[in-house]
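Just so it is clear: chains get the letters A, B, ... in the order the sequence lines come, proteins before strands, and each one is counted from 1. Quantities reported herein were computed from a predicted structural model and do not represent experimental measurements.
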2 protein chains.
Amino acid sequence: MAAQRDQGHNGDQPPAAVTDVSARDVPAARERARAIPEAAVARLAVYLRVLSGMAEEGVSTISSEELAAAAGVNSAKLRKDLSYVGSYGTRGVGYDVDVLISEIERILGLTRKHSVAVVGIGNLGHALANYGGFPSRGFPVAALFDVDSDLMGVPVGGIPVEHIDDIEAICREREVNIGVIATPPSVAQDVCDRLVSGGVQCILNFAPVVLGVPDHVEVRKVDLAVEMQILSFHVARRADEALAEVTVDGTRPGVGEAVVGR
Amino acid sequence: MAAQRDQGHNGDQPPAAVTDVSARDVPAARERARAIPEAAVARLAVYLRVLSGMAEEGVSTISSEELAAAAGVNSAKLRKDLSYVGSYGTRGVGYDVDVLISEIERILGLTRKHSVAVVGIGNLGHALANYGGFPSRGFPVAALFDVDSDLMGVPVGGIPVEHIDDIEAICREREVNIGVIATPPSVAQDVCDRLVSGGVQCILNFAPVVLGVPDHVEVRKVDLAVEMQILSFHVARRADEALAEVTVDGTRPGVGEAVVGR
DNA sequence: AGCCGCTTGTGAACGCAGGCACAAAGTCGT
DNA sequence: ACGACTTTGTGCCTGCGTTCACAAGCGGCT
């Protein structure tokens with residue numbers, strides 16, 4: 001299973017070999033990409049969004065401290081994250097916003113277009129198909145699929161809905177890279193299999209099921225019920241803590257108070 | 001005005017002084033709840049969903065091995081996760097499905113109802129308001145809000161939409177615990193502040209902004225663009241690896257092949 | 001030109017989560 | 001009733017991600 005693609009000496013360490021002059025061309029940067037922790041990748045995407053906002057406001061240079069504050073992270077963590085991308089800062093000054101944007105986009109693979117197919121055009125599918133954030137960020141929606149015959153051919157967000165039986169052929173033809181599953185859980189695995197057959201390499205799954213996929217396919221899951229339950233856990237935890245504090249020292253932390261952040 | 005204690009922000013919470021045996025009755029279990037790692041909580045929610053499916057199929061007992069397979073995790077990890085909840089298994093046999101469901105629900109705080117308010121009734125807000133998974137899992141939707149005057153009073157999913165100016169009063173009156181932000185990013189912070197003023201303790205944020213909140217408020221973020229970019233990164237990484245292998249040994253891993261999993 | 005202060009980049013320590021492997025414990029079969 | 005088998009619960013270890021702290025590097029000021 002798996003990812004022994006890490007050729008041999010996997011993660012001992014990011015063994016320095018850092019900003020060497022060994023080879024500064026494309027392969028070097030790509031090789032290093034393998035070592036970026038997933039958590040850092042997620043944050044890089046956030047930095048990118050913040051930086052885009054900065055650029056629009058005409059900011060040309062930013063320090064790690066400022067960027068970290070805007071992104072809601074520790075500045076040391078931010079610098080380490082950026083170091084995975086490369087050394088594009090100027091000591092004593094900060095980072096050039098445009099350069100940083102370009103480099104993060106390169107590392108995240110946003111220089112290529114990634115065609116997206118959305119399967120399941122219910123409420124959520126509609127929302128996703130109309131979501132302006134996809135095409136504007138380099139993720140053109142190439143196809144929509146559903147089983148409902150009433151939807152066939154109906155354009156949603158400018159794209160006609162097609163039948164899920166055609167997923168494989170259409171995805172292959174249009175070179176879809178990313179599949180988004182917004183179907184009921186009962187058909188999610190079937191849809192997933194079709195997407196994989198169609199050559200889709202990455203899947204974003206909104207259905208509350210655990211998908212089985214071959215090793216070379218990447219799946220990310222967004223489960224609203226799970227998110228809610230995590231929040232529920234925190235509500236309960238907070239309530240218990242408050243209770244405990246009442247029991248211990250009689251003071252009650254401000255639960256209902258109107259403390260406004262920001 | 002920033003978060004009061006420090007700008008460590010909500011993400012990090014060093015549980016520092018983890019409690020011990022101060023009191024061992026009901027509080028004991030609750031106290032322990034604080035020590036459960038966030039990652040484990042997320043998995044517990046998944047186990048709960050799988051177990052519910054099992055119960056419906058009439059399964060009354062399940063081993064850690066089976067449950068782990070169904071949930072897509074390692075069995076050792078599963079047992080460790082369950083050990084945070086307590087010792088409810090029978091050695092040599094496994095776990096009683098119903099007991100496990102009850103205990104996980106208790107730990108996740110699902111024995112109480114958590115009222116939810118959804119703000120921003122656009123495409124996504126519609127999807128969320130109509131999402132059957134919320135009420136059926138103990139998260140009744142208590143209120144919907146938007147700015148669009150055309151929407152005022154219109155029932156969505158059976159609940160009338162109200163104006164965001166009334167967020168604070170209505171949330172307080174209906175004792176809303178959880179706020180869901182599905183607005184454009186420009187108003188997300190304002191909406192967030194109103195929710196917090198209304199006594200909301202937990203927020204699920206779909207807007208692509210970093211929210212500032214007081215320390216006692218928990219925020220979870222779901223950012224579709226970030227998810228897509230993470231997938232993009234993996235697409236790029238895979239392509240590079242394939243390229244590297246071609247360069248090295250001339251073999252090409254099956255990228256376009258139709259390998260059907262599961 | 002040289003020094004000073006600021007900010008980056010990173011080595012190193014730390015803490016947490018994950019995985020292994022085994023003892024404890026309970027059941028089933030004889 | 002007893003032994004063998006099965007499965008849980010957990011101590012320990014490993015590895016990753018985060019944080020700290022500081023040396024290196026660069027610009028600006030005198």
Phosphate OP1/OP2 of dT7(C) contacted by Ser63(A) side-chain N/O (<4.0 Å):
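No.
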
Residue-phosphate contact under 4.0 Å: Tyr84(B) side-chain N/O, dA17(C) OP1/OP2:
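Indeed not, no polar side-chain atom of Tyr84(B) lies that close.
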
Whole angstrom value for the distance that separates [atom2] of [N] from [atom1] of [X]:
| X | N | atom1 | atom2 | value |
| --- | --- | --- | --- | --- |
| Leu100(A) | dT8(C) | CG | C1' | 12 Å |
| Lys77(A) | dT10(C) | NZ | C1' | 17 Å |
| Leu78(B) | dA17(C) | CG | C1' | 15 Å |
| Tyr47(B) | dT8(D) | OH | P | 13 Å |
| Tyr88(B) | dG9(D) | OH | P | 11 Å |
| Asp81(B) | dG9(D) | CG | P | 12 Å |
| Glu65(B) | dC5(D) | CD | C1' | 16 Å |
| Ile36(B) | dC16(C) | CD1 | P | 15 Å |

Contact summary for Gly138(B) and Lys113(B), nearest pair of heavy atoms:
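Taking every non-hydrogen atom into account, CA-NZ, 3.8 Å.
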
Closest heavy-atom pair and its distance - Ser232(B), Leu108(A):
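For Ser232(B) versus Leu108(A), the nearest heavy atoms are OG-O, 2.6 Å.
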
Pair Ser102(A), Glu105(A): side-chain N/O donor-acceptor within cut-off below 3.5 Å:
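Judged by distance alone, the side chains do not pair up.
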
Start with the C-alpha distance between Asp96(B) and Tyr88(B), add both sets of side-chain angles, then the distance that settles side-chain hydrogen bond (donor to acceptor under 3.5 Å, both in side chains), and finish with yes or no.
CA-CA 8 Å; Asp96(B) 183 285; Tyr88(B) 300 103; over 6 Å; no

Presence of salt bridge, Glu227(A) and Lys221(B), under 4.0 angstrom
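Salt bridge between Lys221(B) and Glu227(A), a charged N being under 4.0 Å from a carboxylate O: no.
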
If a protein heavy atom is under 4.0 Å from the base, mark B; if only from the sugar-phosphate, S; if neither, -; do that for nucleotides 20-30 of chain D going 5' to 3'.
BB--BBBS---

Would you confirm whether Ser63(B), through its side chain, and Glu66(B), through its main-chain N or O, come within 3.5 Å as a donor-acceptor pair?
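Looks like yes, one N/O pair under 3.5 Å.
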
